[in-house]
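All figures in this text were calculated on a predicted structure; none of them were measured in a lab.
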Number of protein chains: 2
Amino acid sequence: MAHAHPHAEASCKICAEEPPAALLAACRAAGLRRTHLLRRVLEILQRQSAPVSIRELSAARGVRDDCDPATLYRLLQRLEAKGLVRRIGLHERAAHYTLRRGHHHDYVVCRECGDVALLDMACPAQKLEREVGRRTGFKDVDHELQFYGVCPKCK
Amino acid sequence: MAHAHPHAEASCKICAEEPPAALLAACRAAGLRRTHLLRRVLEILQRQSAPVSIRELSAARGVRDDCDPATLYRLLQRLEAKGLVRRIGLHERAAHYTLRRGHHHDYVVCRECGDVALLDMACPAQKLEREVGRRTGFKDVDHELQFYGVCPKCK
DNA sequence: TTAGATGCAAACGATTTGCGCGGAA
DNA sequence: TTCCGCGCAAATCGTTTGCATCTAA
């Protein structure tokens with residue numbers, strides 16, 4: 001998938017920040033307008049290496065003044081449709097999002113507090129995507145792998 | 001995880017059916033009552049190798065007469081708490097459930113129609129659970145791996 | 001008899017939709 | 001000026017909770 005989007009194959013540790021300007025440019029190139037909310041969302045996503053929940057993004061507008069949920073959802077849908085952002089299930093009620101960087105990451109999720117930590121290790125599933133496609137006849141195979149456990153803080 | 005629950009390490013292909021009586025016995029041993037709904041739910045779960053959505057389980061009571069959602073959710077929670085059933089995210093709005101058989105399976109989900117197919121192949125993530133625990137300090141590590149793609153029917 | 005299950009109704013939280021207005025191109 | 005994106009309000013959908021009733025043990 002590295003070829004699918006124009007992001008640099010950053011040397012990770014864990015994911016070098018992309019300059020906001022480059023991100024904005026990519027968005028504009030994808031046909032999005034450079035709005036206030038877009039800037040804020042990109043800022044937040046870029047600052048976090050681990051997936052960010054919708055709730056956290058809701059604060060994008062500023063203190064004490066959450067942004068409109070409908071607008072936020074629509075923006076994220078657009079970003080996802082353009083391949084700029086990745087939506088992650090995490091087995092929680094609310095979805096999480098990350099910037100689509102040049103490479104793939106997996107996560108550990110705390111069963112107690114819901115905290116998400118980024119794993120910096122080779123993904124064992126990536127190489128199987130092709131095989132899964134061959135075995136099942138599915139096209140365009142992708143995957144999502146999460147580990148669940150209890151984080152140090154919770155016990 | 002094979003030791004965690006008293007299910008036989010069936011020779012798969014794909015997952016030999018367990019006799020309903022054995023399942024019921026396991027439930028009773030776990031402290032559940034052998035109610036009508038429990039029987040129906042077990043029947044359905046046992047018939048399907050792939051994860052079953054809540055919506056499908058809702059028909060558990062019979063034709064044209066869906067069972068009460070609250071009751072169903074509560075039953076599934078109990079089953080999951082006792083380790084008899086496994087809840088799976090699948091990145092969908094509604095949760096899916098499978099019987100916890102003696103061993104682990106992964107799935108391919110169609111991005112278009114939501115169909116879930118069971119994968120009968122060695123899981124590459126299982127052996128990493130321990131390593132993830134060591135690296136992150138998380139305890140009791142478990143995982144969930146899903147592949148996503150477009151199924152043959154959808155294109 | 002009695003703790004565990006059920007059914008119903010109502011509450012909740014996440015996500016979606018319709019619509020008129022405002023701002024980026 | 002023209003669309004795209006926004007804010008607001010209301011609708012949907014999945015899931016949870018409270019409570020009175022029922023029932024398997």
Side-chain angles (χ1 to χ4, degrees), chain A residues 20-21 23-42 51-62 64-82 84-97 109 111 113-114 116, chain B residues 21 23-42 51-62 64-82 84-97 114 116:
Chain A
L23 277 174
L24 266 176
C27 291
R28 203 178 18 155
L32 302 186
R33 293 186 173 184
R34 309 188 251 79
T35 66
H36 183 68
L37 183 61
L38 175 63
R39 287 169 208 271
R40 288 321 209 84
V41 165
L42 290 180
V52 183
S53 72
I54 289 274
R55 180 175 297 279
E56 291 170 276
L57 286 172
S58 285
R61 183 126 162 248
R64 111 168 18 256
D65 186 19
D66 284 5
C67 72
D68 179 62
T71 303
L72 181 54
Y73 279 106
R74 276 189 280 230
L75 174 57
L76 288 167
Q77 278 166 9
R78 259 175 281 141
L79 284 169
E80 193 188 11
K82 297 299 184 179
L84 292 158
V85 133
R86 170 181 284 264
R87 181 186 176 182
I88 300 181
L90 298 182
H91 216 158
E92 297 229 334
R93 294 284 241 101
H96 285 62
Y97 290 85
V109 185
R111 275 193 283 263
C113 66
V116 184
Chain B
L23 277 175
L24 267 176
C27 289
R28 203 180 17 157
L32 301 186
R33 295 186 171 185
R34 309 188 251 77
T35 66
H36 183 68
L37 182 61
L38 174 64
R39 287 168 210 272
R40 289 322 208 80
V41 166
L42 291 180
V52 183
S53 72
I54 289 274
R55 179 175 298 277
E56 292 169 275
L57 286 172
S58 285
R61 184 126 162 247
R64 116 172 9 262
D65 185 19
D66 284 5
C67 72
D68 179 61
T71 304
L72 181 55
Y73 279 107
R74 277 189 280 230
L75 173 58
L76 288 167
Q77 278 166 8
R78 261 175 280 142
L79 285 169
E80 193 189 12
K82 297 299 183 179
L84 292 158
V85 133
R86 170 182 284 264
R87 181 185 178 185
I88 300 180
L90 298 180
H91 218 158
E92 298 229 331
R93 291 281 240 105
H96 286 62
Y97 289 85
V116 183

Rounded distance (Å) that lies between atom P of D:dA25 and atom CG of B:L24: 10 Å
Under 4.0 Å between a side-chain N or O of B:R74 and OP1 or OP2 of D:dT16? no
When the nearest nucleotide of DNA chain D is assigned to A:R78 and to B:T35 on a heavy-atom basis, which residue is associated with the more 5' position? A:R78
Where the side chain of B:L37 is concerned, which of C:dT6, D:dC6, D:dG5 is the nearest nucleotide? C:dT6
Using a 4.0 Å heavy-atom cut-off across all strands, classify B:A70 as base, sugar-phosphate, or nothing. base
Return the value, rounded to whole Å, for the distance between atom NE2 of A:H96 and atom P of C:dG13. 17 Å
Tell me what B:L38 touches on the nucleic acid: a base, only sugar-phosphate, or nothing, going by heavy atoms under 4.0 Å. nothing
When you check the phosphate oxygens OP1 and OP2 of D:dT16, does a side-chain N or O of B:Q77 lie under 4.0 Å from one of them? yes
From OH of A:Y73 across to C1' of D:dC13 the rounded distance in Å is 13 Å
Out of D:dG14, D:dT15, D:dC4, which nucleotide sits closest to the side chain of A:R33? D:dC4
Return the nearest nucleotide to the side chain of B:R34; candidates are D:dA25, D:dT15, C:dA14. D:dA25
Measure the distance from NE2 on B:H36 to P on D:dT23 and round it to the nearest whole Å. 12 Å
Please confirm whether the shortest side-chain N or O distance from B:R40 to OP1 or OP2 of C:dT6 is below 4.0 Å. no
Indicate, yes or no, whether a donor-acceptor pair under 3.5 Å links the base of D:dG5 to the side chain of A:T71. no
